[in-house]
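Okay, handing you the structure first.
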Amino acid sequence: MEKNVRTRFAPSPTGFLHIGGVRTALFNYLYAKQNGGQFILRLEDTDRERYIEEGVEQIVDSLQWLGLQPDEGFWISEGEHQNIEFVQSKRHESGVYGKYIDTLLASGLAYRDWTSNEQLDQLREQAKQEKRAFLFRKNMATTESDESQPHVVRLDVSACAETIKEWKDFVEWDEPVRGNLHQKLADIDDFILQKSDGFPTYNFANVIDDHEMQITHVLRGDEFIASTAKHILLYKALGFEAPQFVHLPVINGTDGKKLSKRTGDTNTLDYRDNGYLPDALLCFLAQLGWNDGTEQEIFTLKELAEKFSLERINNSPATFDEKRLEWVNGQFIRQLSTHDLYEKVGNYWPDSAKDSDEKYKLKILELAQDRLKTLKDLQQFGYFFTDPQPNMGLIEKNKQLSKISPERRAELIKQTKNALESSDFTSEAIQETLNQLLKDTGEKPGILFSLIRIHTTWAPFSPQLNETLALLGRDTTVSRLSKTS
RNA sequence: GGUCCCUUCGUCUAGUGGUUAGGACAUCAGGUUCUCAUCCUGAAAACACGGGUUCGACUCCCGUAGGGAUCACCA
């Protein structure tokens, strides 16, 4: 019997949650769900300098919007904020980390160090000059008997190595995709466990919490590979069992380089505001670094949870392609029933739509559904709600229409108006009328239909003409045609 | 610079010694009695390079190059 799977997502409130973080959260969520385990949300806020108040709210809002509901965490569901068991700064206050520091100190696996930042800078500079990596060792430590003076606590790597006979020269571990990874013990720094302000460092708090929260699988970004050996060393030093580590390939920006302001380092909530569906974003993200080996492209969250597997995670970095996200989003929009879509559209309607009734909007949605890439695209359909401003540029830009004299255009519109006035005004009847008009005027559809569309919508494009007119209704159609003739 | 990770169409990827190297996005062309979109059909488009191993390498090994991470009292 496998032990109960417990995964976690542990963001820091130092900025907004971007898609790289979402992908990490998603994989942890999927793996927990797949195994009937728990997905835990922990807040790593030990860095008081970079702490951003809105950061927490932003993380919660993002995960809530995406539907990545944690089973345990500092936020579980609406109204249950700040469950302090999962907030590192609160845990620190209640002495969680201090007692482990004491243990380590007592067993000689850690030591106190009063070295100043200035001294450290000097040592680093020296190492740089000598073209080697800087490693802190116990014999470099500044000792002082006065423990009330600010100082840090460091792990004594050599002492750990001696105590733990398990390894000769390496810290080794296995991952599902990358296989065996290792790091020389001699290359591991005597890293800091407790800062001079008494707070635990990430490296320390992370290990303690993952152990206390009984995390079994840690899925995290690639950038943590380098510190994994430190973590494992710490697990051993404390006599804990280390979790299974799985390092995820990075997601690069649109230019193939690291995510940055210009290339996709976007606040997750911006995707919501720009009309993306959470399931679409998730589906897209899931396939950045993972796929199920079939040719299926569209997955629901549930399907992802069923099919996800650690073994099929890629190990090479992926580039974020917004065009593909748009396509995926369009696919999700098209799969929805018109009614479900209506529910999700919320306030993406143009402002002019606020007085229209649900029935009318549903009809518009029926026509619009196939042409939406994002919910925001609905903004283009303002002409269904208010009379649009004539824009002669549309006619001038039209290759065929621009060749026809204004007099002829006026005549055609008048003729159309007259014919339409006596039409039944169902979309079928309108189509018949239009076809008859084609015969009567001798014009090609490219000219007549374009002309009518432009004069009724003043938009560069619209749904099929007969459907559009039917929805607009006879009165509106005729009145718009009258105005311009 | 040390250590570590990565390398299939422009992009996401399939592929685990023998394939016409497959799919999707994007692009281009055509079709769906007008536009835009949807949908359909088609085209162009890739194994970073060099050595091995092998009857045979995209697949295994070793180099090279390129990209990335890390080397914080940040996470």
Original post:
With A/Phe461, which residues qualify under side-chain contact (heavy atoms from CB on, under 4.5 Å), at least two apart?
Top reply: A/Gln380
Original post:
So A/Phe384 and A/Phe381, would you call those rings parallel, tilted or perpendicular, with 30° and 60° as cut-offs?
Top reply: parallel
**OP:** Could you please name the option among B/U33, B/A75, B/U13 that lies closest to any side-chain atom of A/Asn291?
**Re:** B/U13
Original post:
Using a cut-off of 4.0 Å on non-hydrogen atoms, how would the nucleic acid contact of A/Arg312 be classed: base, sugar-phosphate, or nothing?
Top reply: sugar-phosphate
Original post:
Do A/Phe308 and A/Phe27 have ring centres separated by under 6.0 Å?
Top reply: yes
Subject >> For atom CG of A/Asn466 and atom P of B/U33, their distance in whole Å >> reply: 11 Å
**OP:** With the side chain of A/Arg371 defined as its heavy atoms from C-beta on, choose the nearest nucleotide among B/C36, B/U38, B/A75.
**Re:** B/C36
**OP:** Look at the side chain of A/Ile225 and decide which nucleotide, out of B/C6, B/C4, B/C73, has an atom nearest to it.
**Re:** B/C4
Original post:
In Watson-Crick or G-U wobble terms, both distances under 3.5 Å, what is the partner of B/U27?
Top reply: B/A43
**OP:** Using a strict 4.0 Å threshold on nitrogen-to-oxygen distance, state whether A/Arg324 and A/Glu297 make a salt bridge.
**Re:** yes
Subject >> Nearest-Å distance for atom pair CD/P, residues A/Glu297 and B/A14 >> reply: 12 Å
Original post:
Base, sugar-phosphate alone, or nothing: which one does A/Leu372 contact when heavy atoms must sit under 4.0 Å apart?
Top reply: nothing
Original post:
What integer number of Å spans the C1' atoms of B/A44 and B/C39?
Top reply: 22 Å
Original post:
If you measure from the P atom in B/A69 to the same atom in B/G52, how many Å do you get, rounded?
Top reply: 35 Å
**OP:** Assess whether one donor atom and one acceptor atom, taken from the side chain of A/Asn435 and the base of B/U33, lie less than 3.5 Å apart.
**Re:** yes
Original post:
Which comes earlier along RNA chain B counting from the 5' end, the contact point of A/Gln287 or that of A/Gln194, where each point is its nearest nucleotide?
Top reply: A/Gln287
Original post:
For the base of B/C73, is there a side-chain donor-acceptor partner from A/Ser196 under 3.5 Å away?
Top reply: yes
Original post:
Do the two ring centres, one from A/Tyr202 and one from A/His231, sit under 6.0 Å apart?
Top reply: yes
**OP:** Look at all strands and tell whether A/Thr46 reaches a base, only sugar-phosphate, or nothing, counting heavy atoms closer than 4.0 Å.
**Re:** sugar-phosphate
**OP:** For the side chain of A/Lys323, starting at C-beta, report the closest nucleotide among B/A75, B/C25, B/C12.
**Re:** B/C25
Original post:
Which of these nucleotides, B/C73, B/U13, B/A75, is closest to any side-chain atom of A/Asn314?
Top reply: B/U13
Original post:
Taking the same atom, P, in B/U16 and in B/C73, what whole-Å distance lies between them?
Top reply: 47 Å
Original post:
According to a strict under-4.0 Å criterion, is A/Arg178 in side-chain N/O contact with OP1 or OP2 of B/A69?
Top reply: no
**OP:** Drop me the distance from A/Ile208's CD1 to A/Met213's CE, to the nearest 0.5 angstrom.
**Re:** 11.0 Å
Original post:
Closest to the A/Lys131 side chain: B/G1, B/U7, B/U70?
Top reply: B/G1
**OP:** Using whole Å, report how far CD1 of A/Ile188 lies from C1' of B/A72.
**Re:** 17 Å
Original post:
In the strands shown, is B/G2 matched to any nucleotide by a Watson-Crick or G-U wobble pair with both distances under 3.5 Å, and which?
Top reply: B/U70
**OP:** Please report, rounded to the nearest Å, how far the C1' atom of B/G10 is from the CG atom of A/Asn252.
**Re:** 15 Å
Original post:
Which nucleotide in the set B/U33, B/U7, B/C36 lies at the smallest distance from any side-chain heavy atom of A/Pro445?
Top reply: B/U33
**OP:** Determine the Euclidean distance between corresponding P atoms of B/A24 and B/U7; express it in Å to zero decimal places.
**Re:** 24 Å
Original post:
Starting at CD of A/Gln331 and ending at P of B/C39, how long is that distance when rounded to a whole Å?
Top reply: 6 Å
Original post:
Does B/U64 have a Watson-Crick or wobble mate here (both distances under 3.5 Å), and if so which one?
Top reply: B/A48
Original post:
Any side-chain N or O of A/Lys195 less than 4.0 Å from the OP1 or OP2 oxygen of B/C74?
Top reply: yes
Original post:
Given the side-chain rings of A/Phe204 and A/Phe199, with only the six-membered ring counted for Trp, is the space between their centroids under 6.0 Å?
Top reply: no
Subject >> P gap between B/C9 and B/A14, integer Å >> reply: 12 Å
**OP:** Supply the atom-to-atom distance A/Cys160 SG to A/Asp190 CG, rounded to the nearest 0.5 angstrom.
**Re:** 8.5 Å
Subject >> Nucleotide B/C12, atom P - distance to CZ of A/Phe299 in whole Å >> reply: 17 Å
Subject >> Pairwise C1' distance for B/C25 and B/A45, with rounding to whole Å >> reply: 13 Å
Original post:
If pairing requires Watson-Crick or G-U wobble contacts with both distances under 3.5 Å, which nucleotide is the partner of B/U53?
Top reply: none
Original post:
B/A37 pairs with which nucleotide, Watson-Crick or G-U wobble, both distances below 3.5 Å?
Top reply: none
Original post:
Between B/A75 atom P and A/Asp222 atom CG, what is the distance in whole Å?
Top reply: 20 Å
Original post:
How is A/Asp189 classified with respect to the nucleic acid when contacts are heavy atoms under 4.0 Å: base, sugar-phosphate, or nothing?
Top reply: nothing
**OP:** Just compare B/A75, B/C5, B/G2 and give me whichever is closest to any side-chain atom of A/Asp47.
**Re:** B/A75
Subject >> Sugar-phosphate, base or nothing in reach of A/Pro150, heavy atoms under 4.0 Å >> reply: nothing
Subject >> Residue A/Ser227, side-chain atoms from C-beta onward, closest of B/A75, B/A26, B/U11 >> reply: B/A75
Subject >> Closest to side chain of A/Lys373, choosing from B/G2, B/A37, B/C4 >> reply: B/A37
**OP:** Would you confirm whether A/Asp113, through its side chain, and A/Ala141, through its main-chain N or O, come within 3.5 Å as a donor-acceptor pair?
**Re:** no
**OP:** Using only side-chain N and O atoms of A/Arg124, determine if any of them is under 4.0 Å from OP1 or OP2 of B/A72.
**Re:** yes
**OP:** Tell which nucleotide pairs with B/C58, taking only Watson-Crick or G-U wobble pairs whose two distances are both under 3.5 angstrom.
**Re:** none
Original post:
Base, sugar-phosphate, or nothing for A/Gly289, non-hydrogen atoms under 4.0 angstrom?
Top reply: sugar-phosphate
Original post:
Taking N and O atoms by type only, does the side chain of A/Arg324 place a donor or acceptor under 3.5 Å from a partner on the base of B/A26?
Top reply: no
Subject >> P atoms of B/C61 and B/G67, separation to the nearest Å >> reply: 24 Å
**OP:** Whole angstrom is fine here: how far is it from CD in A/Gln379 over to C1' in B/C36?
**Re:** 17 Å
Subject >> Atom P, compared across B/G10 and B/C4: separation rounded to whole Å >> reply: 31 Å
Original post:
Checking all strands, does A/Phe224 fall into the base, sugar-phosphate, or nothing category for heavy-atom contacts under 4.0 angstrom?
Top reply: base
Original post:
Closer than 4.0 Å, any side-chain N/O of A/Thr201 to the OP1 or OP2 of B/A72?
Top reply: no
**OP:** For A/Thr115, report the nucleic acid contact type (base, sugar-phosphate, nothing); a contact means any heavy atom under 4.0 Å.
**Re:** base
